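Read through the structure below, which is laid out as structure tokens, and then see the notes.
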Amino acid sequence: MDYKNTVNLQDTTFPMRGDLAKREPQMLDKWTKQQRYQKIREICAGRDKFILHDGPPYANGKLHIGHATNKILKDIIIRSKTIEGYDAPYVPGWDCHGLPIELNIEKQFGKNLEPRDFRNKCREYANEQIEQQKADFIRLGVLGDWNNPYKTMDFKTEAGIVRSLGEIYKNGYLFSGVKPVYWCIDCGSALAEAEVEYYDKQSPAIDVAFKAVDSQEVAKKFDVDLPSGKSVFAIIWTTTPWTLPANQAICAGSEIEYALIYSPHTKDYYIVAANLIESLDTRSGLFKPDGFVFNGQLSTEEVAITWRGVAKLNGYRVAEKTLLGAELEHIKFEHPFYNRQVPMILGEHATDDAGTGLVHTAPAHGMDDYLVGVKYGLDLHNPVGNDGCYISTTEIFAGMNVFKANDKVVEILTECQRLMNKTDITHSYPCCWRHKSKIIFRTTGQWFIGMDKAGSDGKTLREQANKAVDDTKFFPAWGRARLESMIGNRPDWCVSRQRNWGVPMTFFVHKETGELHPESYVILEAVAKKIEVEGIDAWFELKSEQLPEFNLTDYVKLKDTLDVWFDSGTTHLTVVGTRPELQKANLQANEPAVDLYLEGSDQHRGWFQSSMLTGCAVTGHAPYKQLLTHGFVVDGNGRKMSKSLGNIVVPQEVMDKYGADMLRLWVAATDYSGELSISDEILKRVSESYRRIRNTIRFLLANLNDFNINKDAVAFDKMIELDRYAIAYADKLQAKIVNELYPSYQFHLLIQELVSYCSEELGGFYLDVLKDRLYTSKADGHARRSAQTALYHITKSLLGILSPILAFTADEAWEVLMHDANDSTLFHTHHKLPEIDNSDELLNKWTKLQEFRSTVLKELEAKRTEGLIGASLQAELVIHANKDLYPLLSSVGKDLKFAYMVSKVTLDQVDTSSVTVNVSKEAKCERCWHYSDDIGTNQEHATICGRCVENIAGNGETRTFA
RNA sequence: AGCCCGAUGUUGUAGUCUGGAUGCAAUCCACUCUGAUAAGGUGGCAGCAAAGGUUCGAAUCCUUUUCGGGCUACCA
């Protein structure tokens, strides 16, 4: 008889190889047809809500690995909250307005489209981009309301953005002002801080002389008697020659020491910071002629000055007396090429560590200059237009591009002999993040959300935001310091832009005064109603006559649009605040509407911050309870990905090669609080972990194939001890993962626990021990059903825990386990494992038995190396146990040999424990492969042992402990 | 330029606050099984970025350096 057929070898439809790249898309099709997202919403209806609000990616460009990482993390959380028992809807979104899209349309269609056409094209383009990105997101397994995402260009959202602006206006935080803003010539618009990046750029650096209006008087201050026909100059240093037309002052540091120095070349006299004389001379050669040696004789020219500091100053002819900057204040100088007198003023930003210690001051072109200009009442007038060219009234330079004007300025300075030196320097310079081109500072009329302006409730936005940061929980904790300093330091938020594809600032301003219409808040609501129906075109095409209820005759429409950061920064109002499924039934006053925002660490200056500011300005508190940040993705060597390094990992390729679950497992297994490394090797290692998990599941499913929980389950108090232990173990693991690791978002620790559970606890112990019982005991006998009962619970628990991460694999296995091709882990909550009596005791006992087992295994391995045994069943153990060990081992009774997978164990009590391994002299049972002395006892089954006879012909063997 | 973070075998990680033989998993090698088979079991190899300091003792504390990542600011 072939006894192999009597062994319970099961098979499963769950294949060993995942073949994910091919099968995942099929699963997705099925899920879409089933409308799984909607079905889950129905199942979850009535539960407490957990709101993770999606930060909208910009609707332009292909998905990169950073997008994928972010969305996968979000999906893991959404799924984990769902299976934990929350109603966790996920509405993905896109950021749609703004310059990058405009640029693409301009590139395609030129700049001469009608505004309405242009905006329509932008809208179409954004929609196309969204469709592409959406397909990739879905492919990642991200579960969400993909048929109904939010877009910042939805008419309702656009109207909501306008309304949010209205609230901020009403609350007193919005104001218009003239201020220097970052200005990108290529964008033709002001930029937000977040849109500015710094690169090394080359600039001309020039030293320029400003002639004193009254040289004689200035010389006297230095106790110098100026020869007739000689002049005194102040020298400034600048790397932006083009700002000289806007020069209104020279700025000195009040505590800096300034000297008057004579140039043997020009025969004139110059004011420079005393300790910068040498560096100025080094670059200009102005003061110390080659080969000059002071011989104690003074030339006629020099006699005018009382020379005393000469020797000390290495040949520089300097007036002995120096003056502090404060003593130079208000001295008048002539502009180098305009008929304009400019004063010497004082400012803290003037230092003596570079340049000449005197700072050229153009209030229209720099923040410091602007502030000091306001203080001294200087002309703030900005001569540069939106296009980066001087306006028509600018002498000499009218119509010229500012950067091109650099050369012209140099030329003119040379002509009028005011240029003392010119070199090129490479320095870090602010640039537009889109164009990478140099930006300029430009003082223009803009609209701001004030950080330090008290709102209608008497508090400043900065105060409110700081408080709100305190109330927020950060993962990881250092995010708090980051956001705090960000908000502490930021200037007023310039929200106006001068573009076409953006949400308009729907205000009417007075023709002459520029004041907002007194009924602005009401008008704005009227406009919002129109935008809700027709989109932003409603504003751009609006005629005052269409709002007859307001007196608009002396008012004009504001043409500015809003910074796109305002669009995304208000989604907690325009999206979360308006979609019913995202609202909690019992939200308390001042309670954030959203539980979690989750984005890359760059969003501290971006979305985290803009949302915080609008939240505080409109609602007085943060829009979110928790902030979770992840790092950027870098390559296997920790380098950031770049085209030139050729180390870019493309998510689509990973999915085509390994499948989405592999990418998801990679995200989960990586500590994302720092950088996330990815490379081919790393992915290979990840897929090895995956195989381990998958195979464990396969083994579990295979051995449950003939098991029906409703008919075959063994009552828990009747189960074999080892099986009860295994359930207790699984319960403890599940508790840790569900109660600690998922809620604290520490997925990498969770994955470690799970992989080591599959390898060590299950593969290395429980399942290994169980094989004998599963295969050889009576198919529907107590011993086997007890094991299967445990396996069933373990599998159900394991798949639930895995499902947020291995979304595809877990559900694939779930269908097999439940014998239902339409079921999903997410239609259920975490499996409730049966409560096991004395579980701690059991865990403790079997942990000790495992420890001793490894001693046994070492002994077996020694015998194996000696060539005495192969399979461990060839061995018999003689265990001499001391008084601690003996009760432990004997408490497992005759089942100890199964726990240790040998054919026989002899146990006695001694003082010192030891294990002896003997090779069995008995015959091998053809069926169960144990070596036994009762083979052949039964005539009918001459080649198998008594236990096997009982299992195939009797009622099945009895097991109690293992 | 300043500030912050990180670096643990080939890979992913734990341990660092609070000093005490580094640990887990995968890879690799060897043995073994052939009833999880492009599997399973057992054993083995190998690591604290570098240097210095404190200490009986340092992955851990201190200093310096290197490399990587990030942030902030701006040199007019």
Side-chain angles (χ1 to χ4, degrees), chain A residues 4 7-12 16-17 193 196 198 203 205 236-240 243 251 347 349-351 353-356 358-362 365-369 425 427-430 441 476 478 481-482 485-486 489-490 600-602 604-605 631-632 634-640 666 669-671 673-675 677 679 681-692 694-703 748-749 751-760 763-765 767-768 771-772 774-776 854 857-858 860-862 864-867 869-874 901 927-929:
Chain A
K4 183 147 182 159
V7 180
N8 311 306
L9 299 180
Q10 301 299 319
D11 199 8
T12 173
M16 185 156 166
R17 297 186 69 187
E193 288 83 56
V196 176
Y198 290 82
S203 300
I236 62 93
W237 184 71
T238 180
T239 58
T240 50
T243 60
C251 190
H349 62 287
T351 59
D353 52 11
T356 62
L358 293 172
V359 178
H360 147 58
T361 300
H365 298 306
M367 198 61 201
D368 287 333
D369 296 14
I425 65 157
H427 60 161
S428 169
Y429 192 90
F441 268 102
W478 50 256
R482 184 90 171 268
S485 79
M486 209 71 82
N489 298 332
R490 69 155 300 145
S601 56
D602 57 332
H604 283 96
R605 78 162 172 177
F632 292 99
V634 296
D635 73 7
N637 298 317
R639 297 251 156 74
K640 65 175 139 193
W666 165 75
T670 306
D671 176 4
S673 66
E675 301 129 40
S677 287
S679 66
E681 180 178 5
I682 291 169
L683 283 167
K684 275 194 191 110
R685 301 309 165 100
V686 170
S687 67
E688 278 149 13
S689 300
Y690 175 82
R691 284 217 297 269
R692 183 39 140 158
R694 186 175 179 96
N695 251 299
T696 304
I697 295 171
R698 178 176 143 87
F699 181 90
L700 293 167
L701 292 175
N703 284 286
H748 67 293
L749 301 184
I751 287 297
Q752 281 199 75
E753 292 275 0
L754 277 179
V755 172
S756 98
Y757 177 63
C758 289
S759 306
E760 292 291 276
F765 176 63
L767 299 182
D768 210 26
K771 283 180 201 167
D772 175 79
L774 286 167
Y775 298 155
T776 69
S854 70
L857 290 172
K858 275 214 170 69
L860 289 172
E861 186 64 21
R864 191 171 287 135
T865 314
E866 287 173 39
I869 58 166
S872 66
L873 287 175
Q874 278 176 264
M901 299 193 303
R927 183 170 175 275
C928 74
W929 299 340

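Reckoned from all heavy atoms, side chains included, excluding hydrogens, waters and symmetry mates. These numbers come from a predicted model, not from an experiment. Proteins come first, then strands; the chains are lettered A, B, ... in the order of their sequence lines, and each starts at number 1.
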Checklist entry - How is the base pairing of RNA chain B summarised as a dot-bracket string, given the Watson-Crick and G-U wobble criteria with both distances under 3.5 Å, [ ] for crossing and | for another strand? => result (((((((..(((((.....[.))))).(((((.......)))))....(((((..]....))))))))))))....

Quickly work out the [X] [atom1] to [N] [atom2] distance and round it to whole Å.
X        : N     : atom1 : atom2 : answer
A:Arg694 : B:U37 : CZ    : P     : 13 Å
A:Lys640 : B:G6  : NZ    : P     : 19 Å
A:Leu860 : B:G44 : CG    : P     : 14 Å
A:Arg490 : B:U72 : CZ    : P     : 11 Å
A:Glu675 : B:C71 : CD    : C1'   : 13 Å
A:Arg927 : B:G35 : CZ    : P     : 14 Å
A:Asp602 : B:C5  : CG    : C1'   : 16 Å

What does [X] touch in the nucleic acid at a heavy-atom separation under 4.0 angstrom: a base, only the sugar-phosphate, or nothing?
X        : value
A:Gly636 : nothing
A:Thr243 : nothing
A:Ala669 : sugar-phosphate
A:Leu749 : sugar-phosphate
A:Ser756 : sugar-phosphate
A:Asn637 : nothing
A:Asp768 : sugar-phosphate

Could you measure between the two [atom1] atoms, the one in [N] and the one in [M], and give it in whole Å?
N     : M     : atom1 : result
B:A49 : B:A58 : P     : 15 Å
B:G2  : B:G12 : C1'   : 34 Å
B:A50 : B:U22 : P     : 15 Å
B:C61 : B:C75 : P     : 39 Å

Does OP1 or OP2 of [N] have a side-chain N or O of [X] closer than 4.0 Å?
X        : N     : result
A:Tyr757 : B:C24 : no
A:Arg698 : B:A39 : no
A:Lys771 : B:G41 : no

Next on the checklist: Taking side-chain hydrogen bond (donor to acceptor under 3.5 Å, both in side chains) as the definition, give me every residue that meets it alongside A:Ser673, ordered by chain and number, with sequence neighbours left out.
Outcome noted: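 Listed in chain order: A:Asp671.
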
Checklist entry - Of all residues at least two apart in sequence or in a different chain, which pass the salt bridge (Lys or Arg N to Asp or Glu O under 4.0 Å) check with A:Asp772? => result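 If we apply the salt bridge (Lys or Arg N to Asp or Glu O under 4.0 Å) test to A:Asp772, skipping adjacent residues, the hits are A:Arg947, A:Arg959.
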
Item to check | Partner set under salt bridge (Lys or Arg N to Asp or Glu O under 4.0 Å) for A:Arg685, not counting sequence neighbours | outcome: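 Partners of A:Arg685 by the salt bridge (Lys or Arg N to Asp or Glu O under 4.0 Å) criterion, ordered by chain and then number, come out as A:Glu681.
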
Item to check | Residues A:Lys771 and A:Asp768 bridged, charged N to O under 4.0 Å | outcome: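 Between A:Asp768 and A:Lys771 there is a salt bridge, with a charged N closer than 4.0 Å to a carboxylate O.
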
Using atom names, set out every protein N or O paired with an N or O of nucleotides 27-34 of chain B below 3.5 Å, distance rounded to 0.1 Å.
{"residue": "B:U32", "atom": "O2'", "partner": "A:Gly870", "partner atom": "O", "Å": "3.3"}

Checklist entry - Can you name the residues that form a side chain to side chain contact (heavy atoms under 4.5 Å, CB included) with A:Leu683, not counting sequence neighbours? => result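 With neighbours one apart ignored, the set is A:Val654, A:Tyr658, A:Trp666, A:Ile678.
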
